[in-house]
Amino acid sequence: MKAVVVNKESTGVEVVEHEMPTIGHGEALVKVDCCGVCHTDLHVAHGDFGEVPGRILGHEGIGIVEEIGEGVTSLKVGDRVSIAWFFEGCGHCEYCTTGRETLCRSVKNAGYSVDGGMSEYAVVTADYAVKVPDGLDSAQASSITCAGVTTYKAIKEAGAAPGQWIAVYGAGGLGNLAVQYAKKVFNAQVVAIDINDDKLQLAKEVGADIIVNGKEVEDVGAYIQEKTGGCHGVVVTAVSKVAFNQAIDSVRAGGTVVAVGLPSEYMDLSIVKTVLDGIRVVGSLVGTRKDLEEAFAFGAQGLVVPVVEKVSVDDAPKVFEEMEKGTIQGRKVLDFSK
């Protein structure tokens with residue numbers, strides 16, 4: 001079968017012919033329809049989290065169950081399911097039993113610690129594969145499987161409420177969906193910040209009330225304070241230390257900054273401001289199975305529409321190059337259906 005894997009040098013990806021996987025107890029075999037390409041895949045391909053040469057990438061996979069293993073009761077042949085970053089938890093630790101399963105210390109992650117969804121066939125742990133509702137396009141569902149559920153959970157962590165101001169730093173594949181969830185699901189007012197006018201224009205089209213080009217505004221935090229009185233919550237999807245620093249300056253007293261992007265630098269944080277203004281800074285890592293179920297539902301209702309473009313699997317190396325350069329609008333989705 002055709003698969004996209006980390007190359008031997010852990011410097012990028014290659015498309016290879018890979019042996020078919022086999023399933024065991026509690027597992028299901030999925031015929032993959034499509035798989036989105038995420039910035040986290042780029043980190044994995046470059047060995048930023050530890051080198052995994054030969055690993056099949058992908059945690060935005062959508063496909064049809066073709067075979068179920070012994071002991072499977074949660075899925076049946078013909079179900080359409082996801083292959084997500086949160087591949088499996090231990091199921092019994094304090095995080096798994098208190099609604100924080102993505103923090104499980106024994107977690108398995110698709111496309112990193114186990115083979116993922118960038119292949120014609122993939123294996124899932126049946127109880128951790130979330131079903132995709134009817135009426136939701138598979139390519140759009142692939143984007144929700146990671147970018148969508150990640151931003152949906154982050155907006156929840158920001159404490160978004162109707163009429164409140166939410167700022168989104170970074171208006172790319174993640175940020176575009178963050179704008180949509182904040183505006184159309186939580187009925188918040190939204191500020192989108194980026195350094196690319198094309199991404200900002202797209203953010204405006206999908207619901208942003210205010211757009212800010214960080215290259216054209218001298219003091220982004222002060223500008224947002226002036227326009228909004230300070231945001232109640234900020235979600236940072238940008239892979240930039242500058243964005244994180246500006247986010248702190250964008251919130252009002254009692255506000256929350258949610259870190260989602262993964263720049264390698266450290267953010268600057270005034271302890272005095274954090275304490276005196278009661279600012280919360282929290283990290284948000286993807287979402288639980290329940291979060292993904294909800295995120296899918298809003299997509300099926302048409303409230304959130306990911307901007308996706310299907311491309312050939314053979315174009316995967318080119319897509320990764322474009323992602324590294326930051327030139328991709330929305331989400332590129334590898335098409336395994338052909």
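- Taking the charged nitrogens against the carboxylate oxygens, Asp127 and Arg289 have no contact shorter than 4.0 Å, which rules out a salt bridge.
- The side-chain heavy atoms of His59 and Asn109, taken from C-beta on, include no pair separated by under 4.5 Å.
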Could you please spell out the steps behind the side chain to side chain contact (heavy atoms under 4.5 Å, CB included) verdict for Lys183 and Asp209?
-> CA-CA 9 Å; Lys183 186 68 178 180; Asp209 298 280; 2.9 Å; yes
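- In this structure, the side chains of Lys273 and Asp249 come closer than 4.5 Å at one or more pairs of heavy atoms.
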After noting the C-alpha distance and the side-chain angles of Gln140 and Arg331, does the key distance pass the side chain to side chain contact (heavy atoms under 4.5 Å, CB included) rule?
-> CA-CA 9 Å; Gln140 293 181 345; Arg331 212 66 156 179; over 6 Å; no
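- Looking at every heavy atom in both residues, Gly24 comes nearest to Glu27 through N-OE1, 2.7 Å.
- A salt bridge links Lys290 with Glu293: at least one charged nitrogen is closer than 4.0 Å to a carboxylate oxygen.
- A donor-acceptor pair is defined here as one N or O able to donate and one able to accept, closer than 3.5 Å; no such pair exists between the side chain of Glu66 and the backbone of Leu29.
- Using a distance-only test at 3.5 Å, with no hydrogens or angles considered, a donor-acceptor pair links the side chain of Ser82 to the main chain of Val130.
- Of the possible donor and acceptor atoms, one in the side chain of Asp79 sits under 3.5 Å from a partner among the backbone N and O of Lys76.
- Under a 4.0 Å N-O distance rule, the pair Lys199/Asp194 does not qualify as a salt bridge.
- Remark: Thr97 engages no residue in a side-chain contact (heavy atoms from CB on, under 4.5 Å) (not counting sequence neighbours).
- With hydrogens and angles ignored, the 3.5 Å screen pairs a side-chain donor or acceptor of Gln189 with a backbone N or O of Gly163.
- Side-chain atoms of Asn245 do not come within 3.5 Å of backbone N or O of Val242 as any donor-acceptor pair.
- The side-chain contact (heavy atoms from CB on, under 4.5 Å) check on Val275 picks up Ile271, with sequence neighbours excluded.
- When the shell of 6.0 Å around NZ of Lys156 is examined, it contains more than 12 heavy atoms from other residues, nucleotides or ligands.
- Smallest separation of non-hydrogen atoms from Val168 and Ala178: CG1-CB, 3.8 Å.
- Ring geometry, Trp85 versus Tyr112: the interplanar angle falls under 30°, so the pair is classed parallel (tilted spans 30 to 60°).
- Within 6.0 Å of CD on Glu17 lie more than 12 heavy atoms contributed by other residues, nucleotides or ligands.
- Side chains of Val311 and Leu334 form a contact here, defined as non-hydrogen atoms less than 4.5 Å apart.
- Between Ile210 and Trp165 the shortest side-chain heavy-atom distance falls below 4.5 Å.
- Sorted by first and then second residue, the salt bridge (Lys or Arg N to Asp or Glu O under 4.0 Å) pairs involving residues 132-143 (not counting sequence neighbours) form an empty list.
- Between Val236 and Gln246 there is no side-chain heavy-atom pair separated by less than 4.5 Å.
- The heavy-atom pair separating Gln225 from Gly230 by the smallest distance is OE1-CA, 3.2 Å.
- In this structure, Leu136 and Ile144 have side chains that are in contact, with non-hydrogen atoms separated by less than 4.5 Å.
- At a threshold of 4.5 Å between non-hydrogen side-chain atoms, the residues Tyr152 and Phe186 count as touching.
- Across all non-hydrogen atoms, the minimal contact from Ala28 to Ile23 is C-CG2, 3.6 Å.
- Within 6.0 Å of CD on Glu9 lie more than 12 heavy atoms contributed by other residues, nucleotides or ligands.
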Chi angles and distances behind the side chain to side chain contact (heavy atoms under 4.5 Å, CB included) call for Asp33, Ile64 = CA-CA 7 Å; Asp33 179 42; Ile64 304 296; 5.9 Å; no
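- Residues Arg55 and Asp115 form a side-chain contact, since some pair of their non-hydrogen atoms from C-beta on lies under 4.5 Å apart.
- In terms of modelled atom types and a separation under 3.5 Å, the side chain of His18 and the main chain of Lys2 share no donor-acceptor contact.
- Checked by atom type, the side-chain pair Glu157/Ser284 shows no donor-acceptor distance below 3.5 Å.
- We find that Asp315 and Lys332 are not joined by a salt bridge, their nearest charged nitrogen and carboxylate oxygen being 4.0 Å or further apart.
- Annotation: Tyr128 is in aromatic contact with Phe86 [ring centroid separation under 6.0 Å].
- Pro317 and Asp314 get closest at one heavy-atom pair: CD-O, 3.5 Å.
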